[in-house]
Trainee: 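Okay, here's the structure, questions in a sec.
First the proteins, then the strands, lettered A, B, ... as listed; each starts at 1.
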Amino acid sequence: MDPQEVKVSTNFIQEIIDRDRKANKYGGRVHLRFPPEPNGYLHIGHAKSICLNFGLAAQNGGLCNLRFDDTNPSKEEAEYIASIIEDVRWLGFDWGGRLFYASDYFEKMYSYALRLIERGKAYVCDLSPEEIRRYRGTFTEPGKESPYRERSVEENLDLFQRMRAGEFSDGARVLRAKIDMASPNLNLRDPVLYRILKASHPRTGDKWCIYPMYDYAHPLEDYFEGITHSLCTLEFEDHRPLYEWVLNTLNLPDPPQQIEFARLNLTNTVMSKRRLRQLVEGGYVEGWDDPRMPTLAGLRRRGYTPQSIRDFCDRIGVAKSNSVVDVRFLENCIREDLNKEAPRVMGILHPLKLIIDNYPEDQVEELEGENNPEDPAAGKRKIPFSRILYIEQEDFCKAPPPQYFRLAPGREVRLKNAYIIKAEGVVKEEKTGEIKEVHCTYDPESRSGKPGAERKVKGTLHWVSAGQALKVEVRLYDYLLLDHKEKITEEQSEEQPEEQAETEDFIKQLNPRSREVLTDCLVEPSLARAPVGSRYQFIRKGYFCVDPDSIPHKLVFNQIVSLRDTWSKVLKTGS
RNA sequence: UGAGGGAUCGUCUAGUGGUAGGACACCAGACUCUGGAUCUGGGAGCGGUGGUUCGAGCCCACCUCCCUCAGCCA
């Protein structure tokens, strides 16, 4: 058995499911759903919900539907539907043909609304939006009943049918639940159930001009699909009484139950649709699939694997307390995955010419390198070696600091999979004093794999052969935000409108160096036909993924994540 | 200050009256032809005050702090 399949996560929702199954509630069925609104791109926060819902279904022998909550045509667009479907599938989940749309239930929802009216539990209200707000009262004062609250069933039926027929303009009337204007829970102060919206719906076109509100539609959607456990985020906690009111008032058997959990927050990034949109529309990133974005499209392009994201969602757990997960946790997940899977190659980000003075001028040797030391089955590959190589600029230092194991004048170092070399001298740019090339000698007896080549040297460098290397572009990424949620509360002066202050603060915190494009990088020739989306470890540097911007003779790599870098820590603590 | 939630290492999360555990991060060491990986070790936590109990992170009381809600958004 695959040990990964055996892993079962425990959390408070699983406990509820356990109790329900034991009590044979819902006849022992477990049926969940992931209900996105098609009004934007999915991000890693959605991934948490997707993994939770599909994961719980799977580990309880249940089902999970994919359902588009398309009850608001003024905000939703068909193009999002395709991207959401793609993203959920990419993450690795299967809804087994149970792809549904709230809009498919409009007719049924309408007839249930009629039933509510007949039972005296809903009425048509002619108050304007502004008036409704005023009548609602405040946290501390009860609301006032609408003057239209006591209309007869007949009149309500007639008016509601005419609302549907399009006789009234947007906002002229709404259908409201008749609950309790004095309820301490504002959601129960006669909430709006239907509004008039003369907008064309992506799926139903102009068939409808009244659309159900979330609070009315959602419990019914769940009920229609036989959902047992309806998971949503914390901010809907106050809505649960209304969710239950709809189901109970309609007297529906085996009503699904709503369970709330804390949404995902990640350090060093933003997650709200509003801010994500600001990034895109403000030109701070290249688009929704910019590799810096926490969208699934962005993470995919960046090179994150679906399994690493699933693993992450699994390991962060689920609870009811608000939390902010350190983005390094996510990075750990992708490193762990790629360490096992990614083939190793050599690539130079900042080239420095290295000339081996005692190596034959026109000779090119074929050396061999392991594709993945973590996986011997990955085999080996040929790597050309010659007199002129490139190494990383930071791997040579004229006046090395303490603890520096790399190349320095008079010092020896191993070239990975090749020879031990010794630095003999440098050639400098006359004017700037910048080091143009390093000259060295090699020890012919030290070739990797050769008997007697086991001589130890402190450092090992990666390199490419000048004549065979491929010139590529590499895009390095850093966090979108420098810090997370500092100041947001502290710096708001009372004068400043809250919204504006927060926006400015968030833009102020943007990392000006979140992206660095290197156009003169060199990689070993084995990468010549690397397909878009393929991932590699550039030895000693990090994991990289071939970007779709690549063209035949110019590969473009995205840095997925760097390798853990102990040396940079040594440097930092030293200075 | 109405209602509904929440508080356990730096972070996330277990613990459901009986030795507070794991993961990430961090620190130290071993190993290494990747300063990667791996291995070993370490520091680090129950918001507060009382109470019940032989025994409390868990039960009770009071307090503190944090989050959500006044859309015809979801």
Trainee: Starting the side chain at C-beta, find the nucleotide from B/rU68, B/rU34, B/rC12 nearest to A/P373.
Mentor: B/rU34
Trainee: With a 4.0 Å cutoff (strictly under), does any side-chain N or O of A/T71 reach OP1 or OP2 of B/rA74?
Mentor: yes
Trainee: Assess A/R67 against A/F100: is NZ or CZ under 6.0 Å from the centre of the six-membered ring, and within 45 degrees of the ring's axis?
Mentor: no
Trainee: Would you mind classifying the nucleic acid contact of A/L242 as base, sugar-phosphate or nothing, using non-hydrogen atoms under 4.0 angstrom?
Mentor: nothing
Trainee: Across the strands shown, which category fits A/F236 at heavy-atom distances under 4.0 angstrom: base, sugar-phosphate, nothing?
Mentor: base
Trainee: From the options B/rC73, B/rU34, B/rG4, select the nucleotide whose nearest atom is closest to the side chain of A/T460.
Mentor: B/rU34
Trainee: A/R189 side chain N/O closer than 4.0 Å to the phosphate oxygens (OP1, OP2) of B/rA70?
Mentor: no
Trainee: Taking a pair as Watson-Crick or G-U wobble with both distances under 3.5 Å, which nucleotide is matched to B/rC62?
Mentor: B/rG48
Trainee: Can you tell me how far P of B/rG2 sits from CD of A/E141, to the nearest Å?
Mentor: 13 Å
Trainee: Using both distances under 3.5 Å as the test, list the Watson-Crick or G-U wobble partner of B/rU32, or none.
Mentor: none
Trainee: For A/R414, report the nucleic acid contact type (base, sugar-phosphate, nothing); a contact means any heavy atom under 4.0 Å.
Mentor: base
Trainee: Quickly work out the A/F396 CZ to B/rG35 C1' distance and round it to whole Å.
Mentor: 19 Å
Trainee: Are the charged groups of A/E445 and A/R455 less than 4.0 angstrom apart, N to O?
Mentor: no
Trainee: If the C1' atom of B/rU11 is compared with that of B/rG43, how far apart are they to the nearest Å?
Mentor: 16 Å
Trainee: Mind checking the C1' distance from B/rG35 to B/rG47? Whole angstroms is fine.
Mentor: 41 Å
Trainee: Report the base-pairing partner of B/rG4 (Watson-Crick or G-U wobble, both distances below 3.5 angstrom), or none.
Mentor: B/rC67
Trainee: Distance check, P atoms only: B/rG41 and B/rG5, in whole angstrom units.
Mentor: 44 Å
Trainee: For a quick check of understanding: with a heavy-atom distance under 4.0 Å over all strands, which category does A/Y404 fall into, base, sugar-phosphate or nothing?
Mentor: base
Trainee: Rounded to whole angstrom, note down the C1' distance from B/rC62 over to B/rU68.
Mentor: 25 Å
Trainee: Within 45° of the six-membered ring axis of A/Y543 and under 6.0 Å from that ring's centre, is NZ or CZ of A/R535 located there?
Mentor: no
Trainee: Could A/K340 and A/E336 be called an ion pair, given the rule that one side-chain N must be under 4.0 Å from one carboxylate O?
Mentor: no
Trainee: Base, sugar-phosphate alone, or nothing: which one does A/K456 contact when heavy atoms must sit under 4.0 Å apart?
Mentor: sugar-phosphate
Trainee: Please tell me which of the listed nucleotides, B/rG5, B/rC73, B/rU13, lies nearest to the side chain of A/K320?
Mentor: B/rG5
Trainee: What I want to find out is whether A/D395 reaches A/R540 closely enough, with some N-O distance under 4.0 Å, to be called a salt bridge.
Mentor: yes
Trainee: Could you tell me which nucleotide pairs with B/rU11 by Watson-Crick or G-U wobble geometry, both distances under 3.5 Å, or answer none if nothing does?
Mentor: B/rA23
Trainee: Kindly point out which of B/rA74, B/rC69, B/rG35 is positioned nearest to the side chain of A/D238?
Mentor: B/rC69
Trainee: Categorize A/I132 for me: base, sugar-phosphate, or nothing, with a 4.0 angstrom heavy-atom threshold over every strand shown.
Mentor: base
Trainee: Nearest-Å distance, CZ (A/R564) to P (B/rU32)?
Mentor: 18 Å
Trainee: Do A/R133 and B/rG71 share a donor-acceptor pair, side chain to base, under 3.5 Å?
Mentor: no
Trainee: Hey, could you give me the CZ/NZ distance between A/R411 and A/K458, rounded to the nearest 0.5 Å?
Mentor: 11.0 Å
Trainee: On RNA chain B, nearest-nucleotide positions of A/V174 versus A/T10: which is more 5'?
Mentor: A/T10
Trainee: Within 45° of the ring axis of A/Y123 and under 6.0 Å from its six-membered ring centre, is that where the NZ or CZ of A/R151 lies?
Mentor: no
Trainee: Under 4.0 angstrom, heavy atoms only, what part of the nucleic acid is A/E260 near: base, sugar-phosphate, or nothing?
Mentor: nothing
Trainee: Atom CE of A/M213 to atom P of B/rA70: distance rounded to whole Å?
Mentor: 11 Å
Trainee: Strictly below 4.0 Å: does A/K458 bring a side-chain N or O up to OP1 or OP2 of B/rU32?
Mentor: no
Trainee: Just checking A/I316: base, sugar-phosphate only, or nothing, at a heavy-atom cut-off of under 4.0 Å?
Mentor: sugar-phosphate
Trainee: Need the pair for B/rA74. Rule: Watson-Crick or G-U wobble, both distances under 3.5 Å, any strand; none if unpaired.
Mentor: none
Trainee: On the side chain of A/E374, is there an atom forming a donor-acceptor pair with the base of B/rU38 - under 3.5 Å, no angle test?
Mentor: no
Trainee: Is there a donor and acceptor pair, one atom on the side chain of A/R328 and one on the base of B/rU11, closer than 3.5 Å?
Mentor: no
Trainee: Report the distance from atom CG of A/N332 to atom C1' of B/rG22, rounded to the nearest whole Å.
Mentor: 13 Å
Trainee: When all nucleic acid strands are considered with a 4.0 Å heavy-atom cut-off, which category describes A/N417: base, sugar-phosphate, or nothing?
Mentor: base
Trainee: Taking the C1' atom in each of B/rC59 and B/rC46, what is the distance between them to the nearest angstrom?
Mentor: 16 Å
Trainee: Rounded to the nearest 0.5 Å, what's the gap from CZ on A/F329 to CZ on A/R315? Could you check?
Mentor: 5.0 Å
Trainee: Hey, is A/Y214 stacking on B/rA74? Ring centres under 5.5 Å, planes under 30°.
Mentor: no
Trainee: Measuring only the C1' atom in each nucleotide, how far is B/rG51 from B/rU13? A whole number of Å is fine.
Mentor: 30 Å
Trainee: How many Å lie between CG on A/L186 and P on B/rC69, as a whole number?
Mentor: 11 Å
Trainee: For B/rG18, what is the paired nucleotide under Watson-Crick or G-U wobble rules, both distances under 3.5 Å?
Mentor: B/rC54
Trainee: What is the separation between atom CG on A/N268 and atom P on B/rA25, rounded to the nearest whole Å?
Mentor: 14 Å
Trainee: Let me know, please, whether A/S321 or A/R406 comes out on the 5' side of the other along RNA chain B by nearest nucleotide.
Mentor: A/S321
Trainee: Determine the interatomic distance between P on B/rA23 and the same-named atom on B/rC63; round to the nearest Å.
Mentor: 40 Å
Trainee: Does B/rC69 have A/F139 stacked on its base, where the ring centres are within less than 5.5 Å and the planes differ by under 30°?
Mentor: yes
Trainee: Side-chain N or O of A/R134 less than 4.0 angstrom from OP1 or OP2 on B/rA70?
Mentor: no
Trainee: Using a cut-off of less than 4.0 Å, is there contact between a side-chain N or O of A/S74 and OP1 or OP2 of B/rC73?
Mentor: no
Trainee: Give A/H462 one of three labels, base, sugar-phosphate or nothing, depending on what nucleic acid heavy atoms sit under 4.0 Å from its own.
Mentor: nothing
Trainee: Roughly how far apart, to the nearest Å, are B/rU40 and B/rU53 at atom P?
Mentor: 46 Å
Trainee: Quick check on side chain to side chain contact (heavy atoms under 4.5 Å, CB included): which of A/D215, A/N185, A/L188 does A/H239 satisfy it with?
Mentor: A/D215
